[in-house]
**Student:** 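Encoded as structure tokens, here's the structure I'll be asking about.
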Amino acid sequence: MNQMAIAALKNQYKSFVQSMFDEGVLDNQFSQLQDLQDSSNPNFVDEVITLFCNDAERIITEMNRYLNYQNVDFSKLDSHVHQLKGSSSSIGAHRLKLACVNLRQASYERNKEECVEAFNSIRHEYCLLRSKFQFLMQIERRIVALENNQQ
Amino acid sequence: MRAKQMLATMSHEIRSPLSGVVSMAEILSTTKLDREQKQLLDVMLSSGDLVLQLINDILDLSKVESGVMKLEATKFRPREVVKHVLQTAAASLQKILTLEGHVADDVPIDVIGDVLRIRQILTNLISNAIKFTHEGKVGVKLYLVPEPPFAKEGSQHGSDGSTANQSTTSASKTESYTSTSKTSSDQNEFHGKKNEGLCQNNSHREPGTPVTNGTTDGSEEQVELPATTVWLRCDVYDTGIGIPENALPTLFKKYMQVSADHARKYGGTGLGLAICKQLVELMGGRLTVSSRVNCGSTFTFILPYKGSTSCDSSDDPDDLSDMVDHDAMDEDETAGFFQFLPRTLGSLFSSNGSSRTQKLMPHNIGYAKSHKLDGLSENCYSFPMNNGPPKEIDSAVQISSEPGSSISHSWDPDNKSWICSEKSQAVEMKINTSGPQLPPKRQKKPDVGSLSKLNGRQQVLKNSTTSKPKILLVEDSKINVMVAQSMLKQLGHTIDVVNNGAEAVCAVQKHGYDLVLMDVCMPVMDGLQATRLIRSFEETGNWDAAAKVGIEQDSSQPGHTSPTKRIPIIAMTANALSESADECYANGMDSFVSKPVTFQNLKECLEQYLG
């Protein structure tokens, strides 16, 4: 009975990831991460995602703070976006990465209004990504729980 | 934004429950069923599949048409894409067909384009070809062509504004980037400029082409252009049933099949080609077809790609491995020829690309080292098999060979083994094991993420030599550290990690490393400066330069001795302007890997610098 449930959950996982690829939320780099998960590293994806989300939220909070000042420190802002862009890129968060690119451009042009707009876009993409990741991890944890039950 | 949201939502909302239904049906099919139930279930499964496929196609098409489809621009290797697509097709091939791929020598190693879409188009055309071909072969040919006439009509590329002139250089082999008529000396400049923009290896391959300007910077007009554009033409050809002339005009129209009979006999929704055409045109190219009934068809698409300005291998002439690479490229035979023979052979053994590490084969098959040979020499490998003569085996054999190799297989009935003789420079043989024949596989659209497993990453053996190479990773982002560390672990390495350039210098002062992977942008001290300091030590034998900026050597630990041994330092760059390849080289780096770091890039880098 468990076998069927596990297979069904795995399929659900697979097709949900595929939909994230199709929507451009994720790109091929995420497949790289999936490939790094094996028996010696069984929770890799979960761990990377958790690390990423914590880091991203910290950065987004900082950026929000900078943008709320009258005089925006664009260079500090830029170094934060650079960080977020880097980690988004490494995890395969495609749309989030593109949103970061936009903010970098606006920051480079020292255009506060555009920065705010770009930042909102980043926040939006991040929230979307996070909720999808949460869903994905829920499925994965259920699979792991069922598989552990069998042993 | 709304339309895009709706599309995204719909795609997920519709697909999820539908794939739920299909999954349940799949699970049911593994339970005990009587014949009638099995038949009913088969109908469910194929209908479900068809609907899923249809939804994917419709959504793709509407994305393209409504202009929501954003094209990516990523650097990728055309040879790899061709190989992967063919591999995937070969894996689910149910007929006796040969699949082959030819990539011409002059196709750059890396180009920039939307690799996902291109893969989609290629997959679609190949699966069509396979569908309508019952014997013979299906193949892909990829080669460089001069800028086609249709591009000039909408061209905005004239850097000096003169796009009106329609003179083409189709007669000559050189690429002409703008449409202005140029003197022959200018054409050579174009050529030179283009070579500089492409992988460095290319310029070595055509020594006969003089660059009249002395430098390869090209004319001043060229300076404005961000990157060169290459036009690649891809022919997907087959020896299939062909397409009647009267059907050609409507071929790319939506929902059209060649005839009602075709639709009945071969199935399909008739959307595939329409999507391909839309995608190709969206990317600035053209899709055409030529065919002869009962002979075969050839679908051709021409696309522009931005030439990659980065290169993974250094241009250092002292680097021996580099010279070997050049030799491989200088081969007259096509660099990039893949062939997948029909499923008549039995023995399965798998190997991965590296020419210098030894691989173990599954299924009790002995395997001798595959060498990167300097000249052409023959190696005989014999594979004792436990399974008996070929007819009883129903697993697939796919053989792909890299530059300059020809492999012949023969079954030796006396020894019950395969004799494989190979004349090669670098041979990569990839043969898949599949156990007992699975129930007829339904054609699935290849997942984006599923291609990698074919590479048999699990077969990479840990280096069994006594001294393991010491690798230093210099990276400030925790996520990047985690990812890189995992990749290196899978490659069999344990590494030291530091988080900025200053710590890197300290680490190098204390230990001798065989390789340093250096992030460029870091706080406290960036990768460029750290590299400069390390090189200064190597050149002078002392750490004075480091001390000047405040890095004191830890006197409690004796520093490692040999200052003459040059550590390979590989930059990890995000390809921003401030991290250009030239700057990396100028500061003493040997090569670079662009971010995000992929397993394959790391692997190749390590192979090159660790051996």
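Throughout, protein chains are lettered first and strands after them, A, B, ... in sequence-line order, and every chain is numbered starting at 1. Note that the coordinates shown come from a computational prediction; the quantities given were computed from them, not determined experimentally.
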**Student:** Can you say whether A:F30 sits under 4.5 Å from chain B via the side chain, the backbone, both, or neither, judging by heavy atoms?
**Tutor:**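 No part of it gets close to chain B.
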**Student:** Do A:L136 and A:F16 have side-chain heavy atoms sitting under 4.5 Å apart?
**Tutor:**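 Yes, their side chains come closer than 4.5 Å.
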**Student:** Assess whether a salt bridge exists between A:D46 and A:R141, defined as any Lys/Arg side-chain N lying under 4.0 Å from an Asp/Glu carboxylate O.
**Tutor:**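 Salt bridge present between A:D46 and A:R141.
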**Student:** Any salt bridge between A:R130 and A:E57, counting N to O under 4.0 Å?
**Tutor:**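 Yes, A:R130 and A:E57 are salt-bridged.
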**Student:** What part of B:T74 gets within 4.5 angstrom of chain A, counting heavy atoms only: side chain, backbone, both, or neither?
**Tutor:**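 It is neither, since no heavy atom gets under 4.5 Å.
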**Student:** Which bit of A:L51 is near chain B, if near means a heavy-atom gap under 4.5 Å: side chain, backbone, both or neither?
**Tutor:**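 Contact with chain B is through both the backbone and side chain of A:L51.
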**Student:** Select, from A:Q83, A:Q12, A:H94, the one with the greatest count of heavy-atom pairs under 4.5 Å involving chain B.
**Tutor:**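 The answer is A:H94.
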**Student:** Check each atom of A:S40 against the heavy atoms of chain B and say whether the ones under 4.5 Å are side chain, backbone, both or neither.
**Tutor:**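 Both backbone and side chain of A:S40 come within 4.5 Å of chain B.
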**Student:** Run the salt-bridge test on A:E140 and A:K10 with the 4.0 Å N-O cut-off and return the result as yes or no.
**Tutor:**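 Salt bridge flag = no for A:K10 with A:E140.
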**Student:** Taking the inter-plane angle between the rings of A:Y66 and A:H80 on a 0 to 90° scale, is it parallel (under 30°), tilted (30 to 60°) or perpendicular (over 60°)?
**Tutor:**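 If you compare the ring of A:Y66 with that of A:H80, the planes turn out tilted.
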**Student:** Under 4.5 Å heavy-atom distance to chain A, tell me which part of B:M482 shows up: side chain, backbone, both or neither.
**Tutor:**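 Answer is both: backbone and side chain atoms of B:M482 are under 4.5 Å from chain A.
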